[in-house]
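Please read the structure below before turning to the comments.
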2 protein chains.
Amino acid sequence: MPVELTPSQALGLWHAVSLEQVRVDSRDLTLRQMAILLEIYLVPPPHTVRGLAAKLGVTKPVITRALDTMGAAGLVDRVRDERDRRNVVIKRTVEGALYLEKFGDLIINQGRKL
Amino acid sequence: MPVELTPSQALGLWHAVSLEQVRVDSRDLTLRQMAILLEIYLVPPPHTVRGLAAKLGVTKPVITRALDTMGAAGLVDRVRDERDRRNVVIKRTVEGALYLEKFGDLIINQGRKL
DNA sequence: GGCGATCGTTACGCAAGCGTTTCTTTTGTG
DNA sequence: CACAAAAGAAACGCTTGCGTAACGATCGCC
């Protein structure tokens, strides 16, 4: 079920959502952090640092740092993989799910207003 | 003409666009910068530092800095207002318009894929 | 003409992100 | 058992953004 948008709608939607998010949330996640967060919550686990780095086309420290920041904010959690203790498995949190749920509502509402 | 999205479509669209943008563009504008850029290009001029600050709910130095950065990238331009020389009028550029046009295409294409 | 208000910028100290490189732990394999 | 490979984190120097506070230029108005 594709979503058909005109150029004006596409940018207008992004505009309205960005604007509202800036006004509402002082956290101001970077685009990279947002991409990581959405990847974790929308794609079936497990997620690893290495996997995310490959998926986004960035280096591993970028992922580590983003997880540090978002972990401190309670949006994600890290657990050592007991089957291969070199790996770290990234876990979702209730707070993170809530955050994205509200963000999704924001998108939906701004979309309706177009 | 509203855009009706399911929660899954809303977050899925944001996910796909963020991901692609991260992979394609090393510039990595912050959400604030993106909101400012879209405001300048989608809302009829004139735009001033003060006006943008009020619209986004941020302080003036935030706007000044964003304009510094995006100006250096050629995405916007600044011109002194000759009618009231205290004001600075923010101008669009060809490069900025092109940048947003490509970004809009990205949104449209990712929307179709949902 | 003086003077308070307004506009945008700059300065300051600080926090956070970056890329590269190095380190630590753990694995698998000869 | 030794040792190279792999995963993630930490260290390093640097750049960029932040909020607050101060600043210079310009205006409106009496």
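Naming: A, B, ... by sequence-line order, numbering from 1 per chain.
Candidate nucleotides D:dC27, D:dA9, C:dG8 were compared by shortest atom distance to the side chain of B:V49, and C:dG8 ranks first. Considering only side-chain atoms of A:T48, the nucleotide from D:dG8, C:dC7, D:dC27 that sits closest is D:dG8. Comparing D:dG8, C:dG8, C:dC18 against the side chain of B:R50 picks out C:dG8 as the nearest. Between D:dG19, D:dG8, C:dG17, one nucleotide has an atom nearer to the side chain of A:T69 than all others, and that is C:dG17. The nucleotide whose nearest atom lies closest to any side-chain atom of B:R86 is, among D:dC18, D:dT20, D:dC27, D:dC27.
Ring orientation note: the planes of A:W14 and B:W14 are close to parallel, at an angle under 30° on the 30°/60° scale.
Taking atom CG on A:L56 and atom C1' on C:dG17, their separation rounds to 15 Å, with Å as the unit. Atom CD1 in A:I36 sits roughly 13 Å away from atom C1' in C:dC18 (whole-Å rounding). Atom-to-atom, CG of B:D28 to C1' of C:dA16 comes out at 13 Å; the value is rounded to the nearest Å. Atom-to-atom, CZ of B:R85 to P of D:dG24 comes out at 18 Å; the value is rounded to the nearest Å. At whole-Å resolution of the value, CG in B:L29 and C1' in C:dC18 are 15 Å apart. Between the P atom of C:dT27 and the CZ atom of A:R83 lies a distance of 12 Å, rounded to the nearest Å. The distance between atom CD1 of A:I63 and atom P of D:dA7, rounded to the nearest whole Å, is 14 Å. In this structure, the CZ atom of A:R32 is 9 Å from the C1' atom of C:dG17, given to the nearest Å.
The phosphate of C:dG8 (OP1 or OP2) has no side-chain N or O of B:T64 nearer than 4.0 angstrom.
Nearest-nucleotide assignment on DNA chain D puts the 5′-proximal partner with A:K60, out of B:Q33 and A:K60. Comparing A:T59 and A:D84 against DNA chain C, the residue whose closest nucleotide sits nearer the 5' end is A:T59. Residue-to-nucleotide proximity on DNA chain C shows that, of B:R78 and A:V62, the 5′-proximal contact is made by B:R78.
Residues B:L56 and A:R23 share a closest heavy-atom pair of O-CG, 3.5 Å.
There is no side-chain donor-acceptor pair under 3.5 Å between B:E39 and B:H47.
At a cut-off of 3.5 angstrom, the base of C:dG19 holds at least one donor-acceptor pair with the side chain of A:R65.
Between the side chain of B:E101 and the main chain of B:L98, no donor-acceptor pair closer than 3.5 Å is present.
Between A:T93 and A:Y41 the shortest side-chain heavy-atom distance falls below 4.5 Å.
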